[in-house]
Amino acid sequence: MNNQQIAQIFYEIAEILEMKDIPFKPWAYRKAAQSIESLTRDIKEIYEENGLKSLKEIPGVGESIAKKIEELIKTGHLRAYEKLKRKMPVNLEELGSIQGMGPKTIQKLYKKLKIKNLKELEKAAKSGKIRKIAGFGEKRERELLENIGMKKKKTKRFLLGLIFPEAKEIRDSLKQLREVKKIEIGGSLRRMKETIGDVDILAVSNDPEKTMDFFTKRKEVVKILVKGLNKSSVRLKSGINADLRLIQMESYGSALQYFTGNKSHNIKLRNIAREKGLKLSEYGIFKGNRKIAGKTEEEVYKRLGLRYIEPELREDTGEIESAKQNKLPNLIKHYDIKGDLHMHSDYSDGNNTIKEMAEYASILGHKFIAITDHGFYKIAGGMDEKEIINQKKEINRIRGIKIFHGIEANITKEGLINVPDRILKDIDVVIAAIHSGFKQDKQAITKRLLTAMDNKYVNIIAHPTGRLLFKRKGYEFDLQRIFDKAKERGIALEINAFLNRLDLNDVNVKLAVDNKVKLSIGTDAHSKEQLDFYKLGIAVARRGWAKKEDIINTYSMQKLERFFRR
DNA sequence: GCCGTTTTCGGCCCGACTGTTTTCAGTCG
């Protein structure tokens, strides 16, 4: 029973209780499920520490839910849940995934028509049985059928790195309109989450009609879903939906705050408002009927007694508590980054020459780069000893920004570095990474990484978990032991900024920062345009609460050289 | 069922939209 499975059970209990019209309990179960889902540790571990007592320290978990967690850990079952299931034997996950099917509707359709799953729902809708039930009608029935076809809630998510440039282009084009007084991207895109569900754009406009026309006629738009004067919704070429909402200037701040989210961050803010006898909504902060804030986000947070919280932190993972105590970190800024420490040239599997990479990096404002082609690795066109020597000579000839001569070496199944020490010793920066043998168990991978980090030339462990978004989960290892070793040996762990890696991810970056481990940002670019991904790396760092001093890309050249030589 | 710098009892986030209604319930974000 892992955290996700336990959370899922509590979500289902919440749904069933909701059907039964039991007040407030669903809210409690959902809250507990949410906290369990976002734990960074195995809940079993927490339980083993101090039993029920340590479970109750999880927010939203009290006496009763703690006992249920205990039962699940110990037996793998939950009698209370199974009893509920027997009375409500419907496939909640399936039916609930249909847009318009909430708990009350599912309950009603089960009671009246014994509908238990998607197949039965579709059959009933097609044969016109649903429209005859009180509270339903032809339109509802037709809509349900449509939504079954769409399976709308399961719309897939998209890579931040793909959507970010597309959304920015739309925003910038709207910004050109004279009528548009203010505009910003909201939602998970503003929080720079690694995957994005849809694009939310907020604007203030003097001419809503013209603005909406312009938006819905953009060349990126393939379908208009809704078009109104306050809100329009379109589907873009990439497949993602984009909303444009127009709001009044005096609510701009509170609307931006509201539409940036995330949801539990917002709920917490509303609770704080309520505790102060105020009301917070997307229209502002109200005392009775009087609006007392809402024009800017800063004002909203301030009025709630909080320091301003950067969008990347708004995930309800402790940022509100920190803001209250004025303990938010001073997050790393874009301009703190002086260079990129992982990229490939045509010496291995990259598309561009070293010179081309360096020139593009210079345009981006970098002061240095590290060329880190694969060494001794045939599959990726890795260099042999002679090519490595030639590469060094070429780097020394190139004028312009500082180029560190690096290498990306493999960590073998035994934890050895696949490039001999006599070569490594003359290289400025050595990146080591696992590129094969992902299936080893947790212990084996941990040992493999630890052994590799004992090599005295290794400076950076690249893409430490090996995950690929939407593709591969990544291998497991004992994070804490790797952190301790990295600190002991003066090795940095990488935030690989390649769009489908983002590895370490935000959660692990936060843990690393807490452990005072140094991090390095590298794009892993295989062509010059991919050097743009460094922005994604900064986003992950910021979402992981990283400060300037946590990231070695912010070091001065001298300090960085010292770090590499250690 | 959880939780508390106004509470160990009495509260629990807010508003828009929609379809089916004659004043609202359910769903969504």
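The basis for the numbers below is simple: all heavy atoms, side chains too, and nothing from hydrogens, waters or symmetry mates. Quick note on labels: first sequence line is chain A, next is B, and so on, each numbered from 1.
- Residue-level contact check: A:Phe136 touches the backbone only, with heavy atoms under 4.0 Å from sugar-phosphate atoms and none from bases.
- At least one side-chain nitrogen or oxygen of A:Lys139 sits closer than 4.0 Å to the OP1 or OP2 atom of B:dG19.
- Here the nucleotide nearest the side chain of A:Arg140, chosen from B:dC13, B:dG19, B:dG29, is B:dG19.
- The side chain of A:Ile65 lies closest to B:dC2 when the candidates are B:dC28, B:dC13, B:dC2.
- Classification of A:Lys210 and A:Asp213 as a salt-bridged pair fails, no side-chain N sitting under 4.0 Å from a carboxylate O.
- In this structure, B:dT27 and B:dA16 make a Watson-Crick or G-U wobble pair, each of the two defining distances being under 3.5 angstrom.
- In this structure, CZ of A:Arg131 is placed 11 Å from P of B:dT20, rounded to the nearest angstrom.
- Checking the phosphate oxygens (OP1, OP2) of B:dA16, a side-chain nitrogen or oxygen of A:Tyr283 falls inside 4.0 Å.
- Following rounding to the nearest Å, A:Gln99 (CD) and B:dG19 (C1') show an atom-to-atom distance of 14 Å.
- Separating the CD atom of A:Glu15 from the P atom of B:dT27 is a distance of 9 Å, rounded to the nearest angstrom.
- Interface remark: the A:Arg274 side chain does not form any donor-acceptor pair with the B:dC13 base, using a distance-only criterion of under 3.5 Å.
- As judged by a 4.0 angstrom heavy-atom cut-off over every strand, A:Leu280 is placed among residues touching the sugar-phosphate backbone only.
- Within the structure, a side-chain polar atom (N or O) of A:Thr105 is placed less than 4.0 Å from OP1 or OP2 of B:dT27.
- Residue A:Pro23 is out of contact with every strand shown, counting any heavy-atom pair closer than 4.0 Å.
- Residue contacts shown for A:Glu275 include a base, since a base heavy atom lies under 4.0 Å away.
- At the phosphate of B:dG1, OP1 or OP2 sits under 4.0 Å from a side-chain N or O atom of A:Ser64.
- Rounded to whole Å, the distance from CZ on A:Arg245 to P on B:dA16 is 12 Å.
- Residue contacts shown for A:Pro26 are absent, as no nucleic acid heavy atom lies under 4.0 Å away.
- Nucleotide B:dT27 holds its C1' atom 10 Å from the NZ atom of A:Lys263, rounded to whole Å.
- Remark: A:Lys104 does not engage A:Glu18 in a salt bridge, criterion side-chain N to carboxylate O under 4.0 Å.
- A:Glu138 has its CD atom 16 Å from the C1' atom of B:dT18, to the nearest Å.
- Side-chain proximity of A:Lys279 to B:dG1, B:dC13, B:dG15: nearest is B:dG15.
- Within 4.0 Å (heavy atoms only), A:Lys108 reaches no atom of the nucleic acid at all.
- Side-chain atoms of A:Tyr29 and A:Lys68 include a donor-acceptor pair closer than 3.5 Å.
- No side-chain N or O of A:Glu93 forms a donor-acceptor pair with one of A:Tyr11 less than 3.5 Å apart.
- Atoms CG (A:Asn271) and C1' (B:dT5) sit 16 Å apart, rounded to a whole Å.
- With salt bridges taken as basic N to acidic carboxylate O contacts below 4.0 Å, none links A:Glu166 and A:Lys237.
- Heavy atoms of A:Lys104 sit under 4.0 angstrom from primed sugar atoms or phosphate atoms, though from no base atom.
- Comparing B:dC2 with B:dT8, their C1' atoms sit 12 Å apart, to the nearest whole Å.
- Across B:dC13, B:dG1, B:dG26, the shortest atom-to-atom separation from the side chain of A:Phe24 is found for B:dG1.
- Look at the P atom in both B:dT18 and B:dG4: the space between them is 38 Å, to the nearest Å.
- OP1 or OP2 of B:dC13 sits under 4.0 Å from a side-chain N or O of A:Trp27.
- Ion pairing of A:Lys268 with A:Glu321 is present here, as a side-chain N (NZ or NE/NH1/NH2) and a carboxylate O approach within less than 4.0 Å.
- In this structure, A:Leu17 places its CG atom 8 Å from P of B:dG1, rounding to the nearest Å.
- The side chain of A:Lys31 places no N or O atom within less than 4.0 Å of a non-bridging phosphate oxygen (OP1 or OP2) of B:dC12.
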